[in-house]
Amino acid sequence: MVARDGYPVLLAGVGLTSLFYALDFPWIALVFLLGTGFVAWFFRDPERPIPADEAAIVSPADGKVVRIASLDPSNPRAGRILSIFLSPLDVHVNRSPIAGRITDVQHHPGSFRPAMKDEASVVNEQTVITISGEKTEVIVKQIAGILARRIVCWKRVGETVQKGERIGLIKFGSRADVILSPDTEIVVRPGDRVRAGSSIIARIQS
């Protein structure tokens, strides 16, 4: 399966491949064919098993957990931030960590610094999506990196989402931050690899 933002590029690639092949330029057609294959691979959007556990909060992105920190170290009841780095080789479709309603979507222009650095969470271009569920609220940040210059959010304020539902896309290497409320228990550690929609990153405490 291919993410919907990839279809226009794929169609253009197929069209150019066919055109140059018909004009008897097989080597040029081969170049466009290989490029089309890369686009299909980059925009891949595999189906994922979504955990049925209502208390489970799933990862919004594929990648490596690079940071877990308190929003306010002086307050033991402060929320926490969990950062996931997406390399160019990862699937770049983002998914909702919980079921709920989109209560806020904000786009913030900014820099394009390396996504591995913690400062990227603050200074880089990003889209901030707030999702309010029955038992908790989660904020997802889609953050651009050096290569990522295009952030796509497919949801709007007022829409409802299911846990694991596709909500957007970040092109090329990038970063996804998850801000969790104090009523959650994080169950992953820095260095862990996670998959969007299927990896449990935290649980809602009863």
Side-chain angles (χ1 to χ4, degrees), residues 1 3 44-87 90-106 115-116 118 120-122 126-143 151-170 174-206:
M1 186 173 179
R44 67 196 186 281
D45 183 14
E47 294 294 338
R48 295 283 169 80
I50 312 300
D53 184 357
E54 293 185 358
I57 298 174
V58 299
S59 176
D62 283 29
K64 179 180 178 181
V65 177
V66 294
R67 179 176 66 148
I68 298 174
S70 173
L71 293 174
D72 182 0
S74 65
N75 180 5
R77 291 295 299 163
R80 285 165 295 175
I81 183 170
L82 185 154
S83 300
I84 301 164
F85 174 72
L86 296 76
S87 79
D90 286 310
V91 173
H92 281 68
V93 173
N94 302 135
R95 294 173 178 259
S96 177
I98 60 172
R101 188 170 66 90
I102 306 292
T103 56
D104 194 29
V105 177
Q106 295 186 21
M116 281 288 288
D118 289 345
S121 296
V122 178
Q126 57 192 265
T127 296
V128 184
I129 307 164
T130 303
I131 307 164
S132 296
E134 290 186 4
K135 298 181 179 179
T136 193
E137 181 177 87
V138 175
I139 297 174
V140 176
K141 289 186 175 185
Q142 299 174 289
I143 302 171
I151 299 172
V152 181
C153 177
W154 297 326
K155 299 299 179 182
R156 299 291 179 265
V157 173
E159 292 188 59
T160 58
V161 291
Q162 298 301 312
K163 180 167 58 182
E165 182 176 337
R166 298 166 177 87
I167 59 174
L169 174 77
I170 315 175
S174 48
R175 181 187 186 107
D177 281 358
V178 190
I179 297 177
L180 301 163
S181 63
D183 60 0
T184 59
E185 176 190 7
I186 295 176
V187 297
V188 292
R189 296 179 296 180
D192 288 350
R193 296 281 308 178
V194 292
R195 301 176 72 192
S198 59
S199 296
I200 298 173
I201 59 172
R203 295 185 183 276
I204 303 169
Q205 298 296 290
S206 58

What pair of heavy atoms forms the shortest contact from [X] to [Y], and how long is it?
X	Y	answer
I201	V194	CG2-CG1, 4.1 Å
V93	R166	CG1-CG, 3.9 Å
I179	L71	CG2-CD1, 3.6 Å
V161	I167	CG1-CG2, 4.3 Å
I98	G133	CD1-N, 3.8 Å
S198	R48	OG-CD, 4.0 Å

* To do: Count the heavy atoms of every other residue, nucleotide or ligand shown that sit under 6.0 Å from CD of E54, and state whether that count exceeds 12.
  =>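 Not buried by this count: 12 neighbours or fewer within 6.0 Å.
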
Can you measure from [atom1] ([X]) to [atom2] ([Y]) and round to the nearest 0.5 angstrom?
X	Y	atom1	atom2	result
I131	D104	CD1	CG	11.0 Å
I204	T136	CD1	OG1	5.5 Å
T130	K141	OG1	NZ	10.0 Å
I84	I68	CD1	CD1	9.5 Å
W154	E165	CH2	CD	10.5 Å
I102	S96	CD1	OG	6.0 Å

So, [X] side chain and [Y] main chain: donor-acceptor pair closer than 3.5 Å or not?
X	Y	answer
R67	D177	no
Q142	V152	yes
H92	G168	no
K155	V105	no
D62	A196	yes
R156	C153	yes

* Check against side chain to side chain contact (heavy atoms under 4.5 Å, CB included), N94 and V140 -> CA-CA 9 Å; N94 302 135; V140 176; 5.8 Å; no

* Does the distance from a Lys or Arg side-chain N to an Asp or Glu carboxylate O, for D90 and R193, drop under 4.0 Å? -> yes

* Asked: Is any NZ, NE, NH1 or NH2 atom of the basic residue among K135 and D183 found under 4.0 Å from an Asp or Glu carboxylate oxygen of the other?
  -> no

* Can you check whether I50 reaches Q162 side chain to side chain, under 4.5 Å on heavy atoms? -> no

* To do: Please examine the side chains of R195 and V91, heavy atoms only from C-beta on, and report whether any two atoms are closer than 4.5 Å.
  => no

* Going through the distances and angles, do R80 and I186 end up as a side chain to side chain contact (heavy atoms under 4.5 Å, CB included)? -> CA-CA 9 Å; R80 285 165 295 175; I186 295 176; 4.1 Å; yes

